[in-house]
Amino acid sequence: FRCLTVKTDGVTLRGLTFANGWADYGGGVYATGSGVAEVIDCTFTNCTATGSGGGIDNAREIRGCRFLGNHVGSYGGGAHYVGMICCSLFEGNVANTAGSALNNCSKLLSCTFVSNSGDETITGSDPQYSVFVDNPAVSGTGNLATNMDFFVAGTRRPTPAAAMEN
């Protein structure tokens, strides 16, 4: 069972924990329409989706959240299809296809990514001012090497786009 389905626009989720949910999309939370307006200081742990968004699928803004040990069959072990994420932790998330931590986020600021596993830690997003620790691979849609990110301890730093063009 999925922890929560949101069918109304403008909903804010604050200070909640979503644990052990299971669904095709959004094992923790799935939103229809334009998505959940805000997700603030929430925890998504051990949620699973066979499609996308192990923790959450479809939100406009996520701040100060924790995505811990979520799994997905395709894209976005922690989160999928989000407008903006800041100051959040993605740890121990898994994706069978890509985006073990995150897939398809328009703006990603000051997040921490630790020990997420899959082909790529992030897909369809460009992190800025973020920290990566023990992730197998990091990729995005632009030149990640110039976004002031900090790569440590076992994370393969992406090749700068300028170097690939030469």
Side-chain angles (χ1 to χ4, degrees), residues 2-6 13 18 21-40 42-145 147 149 151 155-159 161:
R2 175 183 296 121
C3 296
L4 177 66
T5 299
V6 178
L13 305 175
F18 300 95
W22 185 93
D24 291 339
Y25 299 95
V29 174
Y30 178 73
T32 61
S34 62
V36 176
E38 293 180 301
V39 183
I40 303 165
C42 289
T43 299
F44 298 84
T45 185
N46 200 34
C47 293
T48 300
T50 57
S52 61
I56 187 169
D57 196 334
N58 196 10
R60 286 187 236 153
E61 184 176 323
I62 293 175
R63 291 181 281 151
C65 291
R66 290 149 306 284
F67 296 87
L68 310 171
N70 299 291
H71 300 82
V72 71
S74 292
Y75 300 100
H80 176 258
Y81 199 66
V82 179
M84 191 272 293
I85 301 177
C86 73
C87 307
S88 293
L89 170 67
F90 293 82
E91 184 172 356
N93 299 289
V94 177
N96 291 343
T97 304
S100 58
L102 173 64
N103 182 68
N104 198 3
C105 175
S106 299
K107 190 170 189 175
L108 180 60
L109 301 167
S110 301
C111 291
T112 302
F113 299 88
V114 179
S115 300
N116 297 286
S117 59
D119 288 339
E120 301 167 297
T121 303
I122 301 169
T123 52
S125 307
D126 281 328
Q128 296 181 356
Y129 307 103
S130 293
V131 175
F132 297 85
V133 180
D134 286 329
N135 296 282
V138 177
S139 72
T141 58
N143 188 357
L144 295 180
N147 287 342
D149 298 312
F151 297 86
T155 294
R156 182 176 55 87
R157 185 180 177 108
T159 304

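Bear in mind that the values here come from a model prediction, so they are computed numbers and not experimental data.
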Go through Phe67 and Leu102 one step at a time and tell me if the side-chain contact (heavy atoms from CB on, under 4.5 Å) criterion holds.
CA-CA 10 Å; Phe67 296 87; Leu102 173 64; over 6 Å; no

Taken in chain and number order and not counting sequence neighbours, the residues that satisfy side-chain contact (heavy atoms from CB on, under 4.5 Å) with Ala37 are Arg60

Heavy-atom nearest pair, Gly83 first then Ser106, reads O-CB, 3.1 Å

A side-chain contact here means heavy atoms from C-beta on lying under 4.5 Å apart; do Ile122 and Phe90 qualify?
no

A side-chain contact here means heavy atoms from C-beta on lying under 4.5 Å apart; do Val114 and Leu89 qualify?
yes

Hey, what do you get for SG (Cys3) to CH2 (Trp22), rounding to the nearest 0.5 Å?
13.0 Å

Minimum heavy-atom distance Ser130-Ser110, with the two atoms named
OG-N, 3.6 Å

Just by distance, do the side chain of His71 and the backbone of Gly69 share a donor-acceptor pair under 3.5 Å?
yes

With side chains defined as the heavy atoms from C-beta onward, is the minimum distance between Phe18 and Ile56 less than 4.5 Å?
no

According to ring pair (Phe, Tyr, Trp, His ring centres under 6.0 Å), who are the partners of Tyr81, at least two apart in sequence or on a separate chain?
none

Test side-chain hydrogen bond (donor to acceptor under 3.5 Å, both in side chains) applied to Ser100 and Asn93, step by step
CA-CA 6 Å; Ser100 58; Asn93 299 289; over 6 Å; no

Do you know the tightest heavy-atom contact between Gly73 and Asn96?
O-CB, 3.1 Å

side-chain hydrogen bond (donor to acceptor under 3.5 Å, both in side chains) between Asn116 and Thr121: does it pass, once the steps are laid out?
CA-CA 6 Å; Asn116 297 286; Thr121 303; 5.6 Å; no

Cys47 and Gly27: which non-hydrogen atoms are nearest, and at how many Å?
CB-C, 4.0 Å

In Å, rounded to the nearest 0.5 Å, how long is the span from CG of Leu108 to CD1 of Ile85?
6.0 Å

Not counting sequence neighbours, which residues clear side-chain contact (heavy atoms from CB on, under 4.5 Å) with Leu109? List them please.
Cys86, Lys107, Gln128

Should the pair Tyr25 and Tyr30 be assigned to parallel (<30°), tilted (30 to 60°) or perpendicular (>60°) ring geometry?
tilted

Nearest heavy-atom approach of Gly26 to Ala49 is N-CB, 3.9 Å

Could you work out, with salt bridge (charged side-chain N to carboxylate O under 4.0 Å, His left out) as the rule, every residue matching Glu61, not counting sequence neighbours?
Arg63

How about Val72 and Asn103: do any of their side-chain heavy atoms sit closer than 4.5 Å?
no

Residues two or more places apart in sequence or in another chain: which of them pass side-chain contact (heavy atoms from CB on, under 4.5 Å) with Thr43?
Thr17, Thr45, Arg66, Leu68

Considering all heavy atoms, the nearest Cys111-Cys87 contact
SG-N, 3.8 Å

Residue pair Ile62, Phe44: steps toward the side-chain contact (heavy atoms from CB on, under 4.5 Å) verdict:
CA-CA 12 Å; Ile62 293 175; Phe44 298 84; 5.9 Å; no

Applying side chain to side chain contact (heavy atoms under 4.5 Å, CB included) between Val29 and each of Val6, Val39, Thr5, report the one that passes.
Val6

Could you pull out all residues at least two apart from Ser74 that satisfy side-chain contact (heavy atoms from CB on, under 4.5 Å)?
Thr97

